[in-house]
Amino acid sequence: MVAGHSASGAWDIFCRVVDNFGDAGVCWRLARILRHEHDVPVRLWIDDLQTLQALYPALDPGLPRQSCEGITVCRWPQAGLPDADAAVVIEAFGCGLPEEWIAGMAQAAKPPLWIILEYLSAEDWVDSHHGLSSPHPQLSLQRYFFFPGFTTATGGLPRESGLLSRRDGFGTAARQAFWSELGFAPPQAPAVSLFAYADAPLAGLLSAMAADTRPLVLAVPEGALLSAVRGWLGSEAVAGRGPWRRGTLEVRALPFLPQARYDELLWACNFNFVRGEDSFVRAQWAGRPLVWQPYRQEDDAHQRKMAAFLARYCADLAAPAATALQAFWRDWNAAADPAGSWPALRDVADDLARHALRWSAKLADSGELAAQLVEFSRRKVK
Ligand code: TRH
């Protein structure tokens, strides 16, 4: 067991895993960038080590505290609570800090900067809410609301330095190695990665892909969706990882990749289906056409998030491509049969590919989340 960072100036990131992988995915990525690129001593407090282990297989879910890539990973609540020596506490996704933790912060000689990291949204109101503060109702503590986003008025998006040049350097040999390590030959047709929620209209998509005259390779990582794909393929195809063929469609089953390798899947494909928040951001950095399925929320907040993103993404995209993209995203997110809108989306794949690269370059100008958090803390922590 490795002693945690007790040096002053530590940052504590507190993460409750609601479900799926994104809470852990975003927090682990942020912790790594803060540690490796800003030399910030980071402690990641997380309540579900199994989920984090899926993203970072070297983690030992049995340890209450351990060091991974220089980050102290503490299983909460088994690892107790941090010493009140943190300079910054990041409450991820407004998950709520334990009351005893807040009490400790209030009693500290120098209370830490308390930042609530919000969920990503492209909605306009984010710009005017980013960086606002509100006092704790009972204690003399200030909380600051930090919003990731798509404009320079927000906290920006997490992006490791050199990511886009690594993407651009991921050429034919790297792609062949990627598929070969997974037991597959290089695709002989455009490749599509599929990461979505179980309620996506999968059967309609697979049938449309299989019936299309243009061949396609579909790569599906292990998860609930792969089980549904196996069901669609029929009983004779359940064993192994394929490839399995239906019409012009070839299906490949992949393992759930470590987070550090998921980018390679996105770069090895020509088109990516993503969901939630972190894979959604990674697909934008990948510079490939994408379909996004936001995490379903009450009162259709996810539909508003999708509409707000499409308004930004399609602002300078020519009509036929924008129309086809919006139509398919609408079908995909309304669980409506995409058989009609999938062929039209394939028709504009080249326009979307050019646009996706332009978009990732434009995004890179809107600031990087970890750097903006460090800058914000420098301004606030006297
Ligand atoms: O898993 P998600 O649906 O997580 C969601 C969202 O974060 C959502 O905002 C949140 O409210 C909800 O959880 C509770 O989608 P997301 O955000 O894309 O996270 C998936 C992570 O898994 C991401 O870091 C990419 C990673 N991943 C791998 O590392 N390997 C893989 O093979 C795949 C498919 C994904």
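Ligands are counted one by one from 1 in listed order, and the atoms in each one are counted from 1 as well.
Judged by distance alone, with hydrogens and angles left aside, the side-chain atoms of Ser121 form no donor-acceptor pair with the main-chain N or O of Val126 at under 3.5 Å. Side-chain atoms of Glu91 come within 3.5 Å of backbone N or O of Gly96 as a donor-acceptor pair.
When only interatomic distances are considered, the shortest N/O to N/O separation between Arg29 and ligand 1 does not fall below 3.5 Å. Checked by distance only, ligand 1 and Phe21 come closer than 3.5 Å through their nitrogen or oxygen atoms.
Closest protein heavy atom to atom 9 (O) of ligand 1: Glu277 CB, 3.7 Å. In terms of protein heavy-atom proximity, atom 3 (O) of ligand 1 is closest to Tyr197 OH, 2.5 Å. The protein atom (non-hydrogen) at minimum distance from atom 8 (C) of ligand 1 is Tyr295 CB, 3.9 Å. Of all protein heavy atoms, the one lying nearest to atom 28 (C) of ligand 1 is Leu257 O, 3.3 Å. In terms of protein heavy atoms, atom 10 (C) of ligand 1 is closest to Tyr119 CE2, 3.9 Å. The protein heavy atom nearest to atom 34 (C) of ligand 1 is Phe195 CD1, 3.5 Å. Here the heavy atom of the protein found nearest to atom 7 (O) of ligand 1 is Gly22 CA, 3.0 Å. Nearest non-hydrogen protein atom to atom 24 (O) of ligand 1 is Asp278 OD2, 2.6 Å.
Separation of atoms CZ (Phe271) and CG (Leu216) is listed at 9.5 Å; rounding is to 0.5 Å. The structure places CH2 of Trp285 at 7.5 Å from OG of Ser360, a figure rounded to the nearest 0.5 Å. Within the model, atoms CG of Leu52 and CZ of Arg75 stand 12.0 Å from one another, a figure rounded to the nearest 0.5 Å.
Counting heavy atoms closer than 4.0 Å to ligand 1, residue Phe93 contributes nothing at all. In Tyr262, the part holding a heavy atom less than 4.0 Å from any atom of ligand 1 is the side chain. Here Leu120 has no heavy atoms under 4.0 Å from ligand 1, in either its backbone or its side chain. Residue contacts with ligand 1 for Pro258 involve N, CA, C or O but no side-chain atom from C-beta outward (heavy atoms, distance under 4.0 Å). The proximity of Phe256 to ligand 1, defined as any non-hydrogen pair under 4.0 Å, involves the side chain as well as the backbone.
Contact atoms of ligand 1 toward Gly25: 24 (O) (distance under 4.0 Å to a heavy atom of the residue). Close approach of ligand 1 to Leu55 is summarised as follows: ligand atoms under 4.0 Å from at least one heavy atom of the residue are 22 (O), 26 (C), 29 (O).
Within the structure, ligand 1 lacks Ala260 among the residues with a heavy atom less than 4.0 angstrom away.
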Kindly list each side-chain donor-acceptor pair under 3.5 angstrom involving residues 314-332, sequence neighbours excluded, with atom names and distances?
residue : atom : partner : partner atom : Å
Thr323  : OG1  : Ala319  : O            : 2.7
Trp329  : NE1  : Leu290  : O            : 3.1
Asp331  : OD2  : Ser341  : OG           : 2.6

Donor-acceptor contacts under 3.5 Å from residues 98-109 side chains, at least two apart:
none

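The aromatic rings of Trp342 and Phe273 are tilted relative to each other, their planes meeting at an angle between 30° and 60°.
Residues Val42 and Val89 do not share a hydrophobic cluster, clusters being chains of Ile/Leu/Val/Met/Phe/Trp/Tyr side chains in contact below 4.5 Å.
Using a 4.0 Å cut-off between charged nitrogen and carboxylate oxygen, Glu250 and Arg245 count as a salt-bridge pair. Under 4.0 Å is where a charged nitrogen must lie from a carboxylate oxygen, and between Glu160 and Arg282 at least one such pair does.
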